[in-house]
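Here the structure comes first, spelled out in structure tokens, and everything after it is commentary.
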Amino acid sequence: MSELILYLNIIRRNPIYLAGLVIVSLFVVVGLIAPYILTRPGDAWGLTYDINKRLSPPSLEHLFGTDEYGRDLFNRVLLGTRFSLVIGVGVVALSLAIGIPVGLIAGYVGGKAGTALMRVTDMFLAFPPLLLAIALAATFGRGLSNTILALSLSWWPWYSRLIYLQVSSVRNLPYVDAAKVIGISEARIMFRHVLPNSLTPVITQATLDIGSAILEASALSFLGIGVPPPTPEWGLLVSSGWRLISVAWWVSFFPGLAIVITVLGFNLLGDAVKELMDPRLRNLLSMRRV
Amino acid sequence: GLPGRPTTTTPTTTPTQRMIIYASLSEMTTADPSTEFSNSVMWLPLVYEPLLWYDPITDKFIPALATNYSSSIDGLVWTFTIRRDAVFHDGTPVTSHAVKLSIERTIALGQGAAFIWDPVESIETPDNYTVVFRLKYPAALDKIAATAYGAYIFSPKVVDYAGASNLTDPKVAEWFNRGNEAGSGPYKMIKWDPENEVVLEKFTDWWGWKLPDYPMKSDNAPDIFKIKIIKDAVTQETLLLSGGVDIAQYVPLENIEQHQRNPNLQVVFKPSFQNLIMLINVKKPPLDNVLVRRAIAHAIPFEDIVTVARSGLARVASGPVPHGMWGHFDNLTFKYNLSLARELLTQAGYPSGINRKLILTYTAGDIYEARTADLIKASLSQIGIEIEIRPLSWEEQWALAQKGWEDPNAAQDLLIFYWWPDVVSPFTYLYNMFHNASKVFNLCYYENPEFNALIEEAVTLEGIDEARALQLYYMAQKILYEDVPAVPLWDMIDLRVARAGIGNLDKAINPAYPTVVFAQVLDVRG
Amino acid sequence: MSEEKLLKVSELTIHYHTVEGIIKAVRNISLEVNVGDSLCIVGESGSGKSTLGLAISLSLPKNAVVVSGSILYKGRDLLKLKTSEVGRYRGKEISMIFQDPATTFNPLFTIGEHLTDILRHHFGMSREEALERAVELLKMVRLPDQARILHAYPHELSGGMLQRAAIAAALSTNPKILIADEPTTMLDVTTQAQILDLINSLKRELNLTLILITHNLGIAGEVCSRTAVMYAGTLLEEGPTEDIILNPLHPYTAKLIKAVPIITKTQGRLSHIPGVLPDLRNPPKGCPFVDRCELATPECSASQPEYFRVGGVRRVACILYGGEHE
Amino acid sequence: MRSLLEINELTKYFPVKTGLFGRVVGYVRAVDGVSFKISEGAVFALVGESGSGKTTILRCVLRLTEPTSGEILIEGRNVTQLRGKDLKWFRRNVQAVFQNPYLSLNPRMKVKDLIAEPLKTHTNVSKNEVYRKVAEVLALVGLPEIVANQYPPNLSGGQAQRVAIARALSIEPKLLLLDEPTSALDVSVQAQILNLLVELKEKLGLTYLLVTHDLSVVRYMSDYIAVMYLGKIMEIGTAEEIFSEPKHPYTLALLSSVPELNPQAKKLKKKIILPGEPPSPMNPPSGCRLSNRCPYATKECVTEEPKLTKITETHYVRCLRHEDLSSLITREA
Amino acid sequence: MPVPREYVVKRLLLLVFVVIGVLVITFVITRIIPARPEFLWAGPHATEEQLKRARQELHLDEPVHVQLYYYLLDFFRGNWGVSWRTRLPVLNDLLTALPATLELVIVAFLLASLIGIPLGIYSALRYGRIADQIIRVLTILGASVPVFWIALIFQTAIGIWAGVLPAGKRVDDYLAYITGFKPITGFYILDSIIQGNLPVFIDVLRHIIMPAFVLSIYPLSLSSRMSRSLMIEVLNENHVRSLEVWGVPQKTILFKYALRNVIVPVIASLGLSFGYTLVGAFMVELIFVWPGLGYYAGMSLLSYDYPAIIGVVILVALFYSLINLVVDLIHAWLDPRVRF
Ligand SMILES: Nc1ncnc2c1ncn2[C@@H]1O[C@H](COP(=O)(O)OP(=O)(O)OP(=O)(O)O)[C@@H](O)[C@H]1O
Ligand SMILES: Nc1ncnc2c1ncn2[C@@H]1O[C@H](COP(=O)(O)OP(=O)(O)OP(=O)(O)O)[C@@H](O)[C@H]1O
Ligand SMILES: [Mg+2]
Ligand SMILES: [Mg+2]
């Protein structure tokens, strides 16, 4: 707890990190309340349109302009936050749900089953990031849950490997030996002693990965294999504005900007966390020129 | 070279040449002038020539390899006089024998558009420059000889080039498909890389260049005409704007107005027989109720769809047969009227809307379908019908739709897709999509014996009693209007956008030869 | 007198700036080292020994701040050197070796590469000359099979061998002062004996001035003529090693010595020091040992005690010895 | 006194595999035919430098490693074959304290839960009873009660090691194995822990097996000592015998490698410094394992493997020249 | 440092394992996940007849392991199916498209490492100062930008509005035509050099620079951030401190010693960013009409050309594994500690 306060204090003092924290908090909050603060919910959900306002440039009435249906882009981008949040959290949570058990069993139980699990993990890791997701998404077809599933299935091995490495080192720590000597059951050792001490880096990494998951999902949408229209998913908005770019640059510009800012927020925060976790870098943080 | 490998001939030209790059939306696969029935039409009419060209707008014929022709009064004997100074690219003179052999090969192979020659009983060559056709039944052979597919004349020497025993030997087709040609047209093909580009070079010995008043030529025609395959409208536009291509087959329609104002660009429109239709699963509740179907039909904002999806470059459909085609009637449009739609739903027993999400599928990747679907969803939500849009690959969509014949509940509710004619007749529209013998494309699962009988009779009357046939087609379409197994949405208007400096573009485009740009009439200076 | 002092540290105070706060690692320390001296700095973990050593060798980490004091080397204040001058002292006049031989050398370079780079820089030798000299140096630190070792990467050598190579590297420039920061802590007992033996003989052979940092009083007894005892960043007492061990003046030193089990005799109970080290972010105002000292008086916590001279050669910072002011 | 722990010809070879195909290319002979007995109430010390196999023996006794061969008997029961109830009995009666207290305590559990864990595993007392017992044990090792609610990383080294000891002792074992229990600690803290261990042993009638390389700690604590080198016992005897009449050159070297605090004693002592590096345990030298580093080695020493020779009832040495050793040393001096 | 043969053999065996892994996973994706794989295989407008043939060709009526056997057999025989879109053998299509992608990716990759690594090191040396902060924010930004979006913006701003660089394609067709430029290797930069065709060479560079730069933004940021943090880490290592106290000049410590400590792990992780770049090329090629694998993949995705998609996935995964192998061997060669 005091650590957390310390971290927050450090972040507060560094404008870059603070920006990260603010962006991420804002993203989460907006993602949660977006459906309730829309001024034009029909436009946002794609249930209304206004032919007379097609492709109007940004103005006070339409901050981000309108799209080819005359829908207010600001509202669509705002609602897109919700979808990005769902995708980001969904992908990361599902990946953890697969990755943690696999990594834990492979790392702690070991043996033939463990080796086999790690080999399977390695096979998945043989695909460059996103490639496997593309193949899976193309097979599953478009849809929100299919997108989340495709991304998670290509994502979990990273967590599995991380947990595996963590567990393999933790299981050799003296406190695990000490627990065995005391006669504690294997299951209890695994869940009470090994798992909690292996989880922190994975959970931290996973939290920060939400940004990357959003980025990848938007790439799938752009390639036409992500969520289907008229979902106001940001990547899809950019993609549908692609063909309009020379008449209406705003249609793809603002959703793209939303992606950039959100992912930037996660990455800034990630950088902060990385520095905070590393005590050596932590000292340097407050370094004064000598 | 091998198929798929680009074959290149070193150009023998000087650097002062004029080149035009035409961006094509679709790649090509085959190149046999007798059987080609697909995208190679983009260049076939430049490299090969038929006997005549047809201009549907003025309803006139332009001489091609035939300088003139006549027909007997009963329409059963047609005589064509062949041009004396025409030579094939290999140097062989064009003669009546070459014409006879070319057309007979098409007939013998029986592929692609070979059916156009069905009326022909025999072809005779009284001398080197006269061809006589004898027909089994009366037909307009001039139109047939001018079709975009299946009417091209090529050098009989291809047998030797291919090392074949006769013209129908598959080796000849292979030779063509390897990227070889033996035409007589104004351009020679010098590169065949069917996935990326096809390059044509001016054939200097073409007879047309020497005729001062020939309408199908220009003194400033490009020396090189390159067809570049760029499968996407946005990219075509980008390249057009940045100078990478000169003529775009397609650009995003939203930008057309802007391009029209752009002094560096020109835009040319033309009609098209392609239309978009929404098929309704008439066997899946609640769509089995005709009132519900009518409600849906009246809740579709046709005008808005045309504006948004096609930026106005389409006409609201009136029946499944598109505008401008024989068999089209103007009073079959559904009125967009939400209160009527709500009323119909109430009558059908759904006063507060339908309590199930209807699944609407379309072919993924098509922006016009996507936007149409989007607006249909938006509009139907106004009358309490929720739509779930599912963009699918064509094969998935079709596979899903096929299930409907066995189990309508397993199939989609609504399906939108394009139709365009193979034979230009209302019959192809009405039979394929609505006759219950057509399981492949009747994806509304509509079964109506009365309707079937009407169109079956109409098609047989087409050549004998046009008026009666028209009447029957009207009755059939009226039935569809009442039963609403489908909602025809819009009929397409086609267009080309090009660099402003290219003269005669409108002349180079002819609706009878879709996608073709007749390069020889283009006027390119500087 | 002062001319003979090779090194004179006066009232040195060093802080570390960290996220958790300012750590006062070295406070107000004064020391003198003569040519040929061997001085041991003894103290428990965290007492600031390494910080002091790094300050003298001009290699403090970037987050260290010298708050006050001076380090006079041959009369010149090392803390006031310009950046361009640092190179003339570092390595050349004062060199250092460290605790963990496994991380002393860059793992991607051979031992020979390290040695020749030092030699070529300091003496402008050619590669061949430097290699020859490197072989001699390895011989000097009693490493066998010098050619092999020159071509070996650090991970291919044992800790003892690496520590010898480090000594060779540190001595390659003929420095006047060698600072050895716990050079044997990471080594095995028998290897430790070897290295101490080596340091002892090199000290004699090369007439080295040695500053040895250790937490093991026994090592001080083995190697150094004089010893300084540090506690919580301050210097508690200083004097000839033998005197300090046999007759510790400061209550802390006395307790520390009684806490060490002695191999030559069986003992009853070891004496131990109750309590814990003070927090260096916020050290006591007075004597740092005041909280753990049985003899403490209120006066002890009032202000930091001054050094008192005892018997001419000894200094101690404890008011028990008041009167004999320095 | 009967022996509590008896080890007979204990051997542990670790196979060394290549990365490729996992082929076994050799064995690390970590422990090679070690035998000794510990009688109840005694403190038995294993000393020797790093890699000599001390920890491996300990791990074999604790069943954390499967021995290659040999017997380990606790009160006559073969440890490696214990199952079920016997195993439970074994776990309750044999406990250990490791070198680094921070690493041997789960950083995410409160001290009270750490100490309660063995109690809950081995006794079925009520929850209240457990925490009362925890408080009792904490008092036993001299820790204030507030420590109970702290997490190990927030404790000082000495406190943490006390917690580890408390945890081991909470279920009142008979045998306590100590693997370098003080080498991670500062001198002043080390003294606290050593005193505590001695105190507890007397109070609770414990038996210790102590592993260390610090001879001064051994001197302070132990009754019996086994000196190990490369997996073999070189010399074994009572503390008195080993310290005052060492018979093996390696023992002598170890003794002289301890930096002597007393400057006067230092001057009197003859030092033996072993040259060279300890050889790889994968291929130890032939004959006597010390032969390549021993200043007194002869040709015989290289060819002939010495046996443990009895000197007194309790004192054994593995050296061909042990009889000449004292004369050799004096001659050199 | 010579790398032991056994290490090479081990890595090669690992590659075989990886290849089989890739194939097994793609097999699962094509055969097991879809409810009716023959539909995905037979393609658009397939007739009953064609579906039946597809079932036979895919051995769908046999047990799974037999299907897998034939799948592997087909793969090694070069029978990767026929594209629905181009109706040509997929492998053929892929090999035609490969050089264009490689050229683009290699240029992007060179940009990424040649700019990214020095930038990161510079940033580390200016730790905490303005320059460092700016570089940091920029590189974090670079890692946050969707490649397709930035590609669109560059293309519109530079290619269309400013018109400074071509907005797409690999070479100006007219120029290529009049100067008689012919692709030989498919790497246009190389081809223009071989033919001594300076105008085309310049034109090719003008065409490649924008897509390559856009593509390099992500790996550039990655390598810059990585070298920055590695440099900071290395400068805190004991061995840097010991060279310092031994009087080795800063320049030597930084640019000889520390630099290698940075470069070696960066190289070790280059494989990963090569993977990113390869997949990023999908979108960049699509936008810049670059007729490589990415363009092919993009087109195949748009038309759901299933055999082609899977073909691209397999080829890219194999290529990625190969690059990883090479990178690992280079790493082993540079770092004496990496063995087994
Ligand atoms: N770079 C640093 N940044 C911040 N604090 C530091 C740094 N180096 C040392 N310290 C702190 O300064 C204090 C003194 O450290 P120093 O290393 O000088 O002690 P030491 O006597 O050498 O201890 P040890 O015996 O453990 O080596 C300690 O509290 C330590 O945590
Ligand atoms: N799990 C293992 N696998 C392979 N070799 C091992 C293993 N554990 C120990 N060894 C080897 O066995 C030998 C003896 O190790 P052990 O830890 O028992 O020595 P030790 O006397 O306790 O040394 P230290 O004083 O360093 O703790 C060493 O060479 C060590 O490398
Ligand atoms: Mg230190
Ligand atoms: Mg050990």
Side-chain angles (χ1 to χ4, degrees), chain A residues 15-16 19-20 119-120 122-132 134-141 211-212 215 218-219 222-225 234-235 238-239 241-242 245-246 249 252-253 255-257 259-268 270-271 274-275 278 280-281 283-285 287 289, chain E residues 14 17-22 24-26 29-30 33-34 40 127-128 133 136-137 140-141 143-150 152-153 155-156 160-161 225 229 232-233 236 272 274-280 282-283 286-287 297-298 300-302 304 306 309-310 312-313 316-318 320-321 324:
Chain A
I16 298 182
R119 287 293 92 89
V120 172
D122 288 345
M123 283 182 185
F124 277 84
L125 288 172
F127 291 87
L130 194 58
L131 185 68
L132 189 59
I134 288 176
L136 288 167
T139 312
F140 293 153
S212 316
L215 201 60
S218 73
F222 181 81
L223 287 172
I225 47 176
W234 293 336
V238 174
S239 154
W242 174 16
I245 195 140
S246 53
W249 54 269
S252 50
F253 179 78
L257 198 64
I259 302 177
V260 173
I261 291 174
T262 306
V263 181
L264 181 70
F266 277 101
N267 282 342
L268 289 174
D271 238 39
K274 215 162 56 194
E275 295 220 351
D278 186 337
R280 272 191 307 193
L281 288 173
N283 284 338
L284 283 169
L285 267 185
M287 183 180 75
R289 251 172 284 163
Chain E
L14 218 64
F17 165 77
V18 162
V19 169
I20 291 177
V22 165
V24 168
I25 291 176
T26 50
I29 292 175
T30 53
I33 297 179
L40 289 181
Y127 188 96
Q133 303 286 19
R136 275 185 77 190
V137 173
I140 296 177
L141 191 65
S144 314
V145 175
V147 63
F148 52 88
W149 185 70
I150 197 78
L152 281 178
I153 290 190
Q155 187 185 47
T156 312
I160 298 174
W161 289 348
R225 290 173 72 190
S229 62
I232 292 171
E233 218 169 277
N236 280 295
L272 187 63
F274 203 87
Y276 281 120
T277 320
L278 269 174
V279 181
F282 281 31
M283 286 159 269
L286 202 55
I287 289 167
S300 307
L301 283 171
L302 284 180
Y304 281 80
Y306 211 67
I309 295 170
I310 292 303
V312 174
V313 168
V316 170
L318 293 185
Y320 172 64
S321 308
N324 272 326

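Throughout, protein chains are lettered first and strands after them, A, B, ... in sequence-line order, and every chain is numbered starting at 1.
Between chain A and the options E:Gly275, E:Gly280, E:Ser144, heavy-atom pairs under 4.5 Å are most frequent for E:Ser144. Between chain A and the options E:Ile160, E:Val316, E:Leu152, heavy-atom pairs under 4.5 Å are most frequent for E:Leu152. With respect to chain E, the highest number of heavy-atom pairs below 4.5 Å among A:Trp249, A:Phe127, A:Trp234 belongs to A:Phe127. Taking chain E as the reference chain and counting heavy-atom pairs below 4.5 Å, the highest number among A:Val120, A:Val260, A:Leu131 is found for A:Leu131. Chain E forms the most heavy-atom pairs under 4.5 Å with one residue out of A:Ile245, A:Asp122, A:Leu130, A:Ile261, and that residue is A:Ile245.
Across all non-hydrogen atoms, the minimal contact from A:Asn267 to E:Arg225 is O-NH2, 4.3 Å. A:Ile259 and E:Pro146 make their closest contact through CG2-CG, 3.5 Å (heavy atoms, listed as atom of the first residue, atom of the second, distance). The minimum heavy-atom distance linking E:Ala317 with A:Pro128 is given by the pair CA-CD, 4.0 Å. Taking each heavy atom of A:Leu125 and E:Tyr320 in turn, the nearest pair found is O-CE2, 3.9 Å. What you find for A:Leu215 and E:Val145 is that their closest heavy atoms are CD1-C, 4.2 Å. The two residues E:Ala143 and A:Val263 have their closest heavy-atom pair at O-CG1, 4.4 Å.
Interface residue E:Leu286: backbone and side-chain heavy atoms are both found under 4.5 Å from chain A. For E:Ile287, the parts sitting under 4.5 Å from any heavy atom of chain A are the backbone and the side chain alike. Both the backbone and the side chain of E:Val313 come within contact range of chain A, with heavy atoms under 4.5 Å apart. If you measure heavy-atom distances from A:Phe140 to chain E, the contacts under 4.5 Å come from the side chain alone. Only the side chain of E:Ile25 comes within contact range of chain A, with heavy atoms under 4.5 Å apart. Only the side chain of A:Ile16 comes within contact range of chain E, with at least one heavy atom under 4.5 Å from a heavy atom of that chain. E:Ile140 touches chain A through backbone and side chain together, each having a heavy atom under 4.5 Å away.
In this structure, CE on E:Met283 lies 8.0 Å from OG on A:Ser218, to the nearest 0.5 angstrom.
In this structure, A:Leu132 and E:Ile29 have side chains that are in contact, with non-hydrogen atoms separated by less than 4.5 Å.
Not counting sequence neighbours, the partners of E:Phe274 by the ring pair (Phe, Tyr, Trp, His ring centres under 6.0 Å) test are E:Phe109. Remark: E:Thr156 engages no residue in a side-chain hydrogen bond (donor to acceptor under 3.5 Å, both in side chains) (not counting sequence neighbours).
Ring geometry for E:Phe148 versus A:Phe222: interplanar angle under 30°, hence parallel rather than tilted (30 to 60°).
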Test log, rule side chain to side chain contact (heavy atoms under 4.5 Å, CB included), inputs E:Val312 and A:Ile134
CA-CA 10 Å; E:Val312 174; A:Ile134 288 176; over 6 Å; no
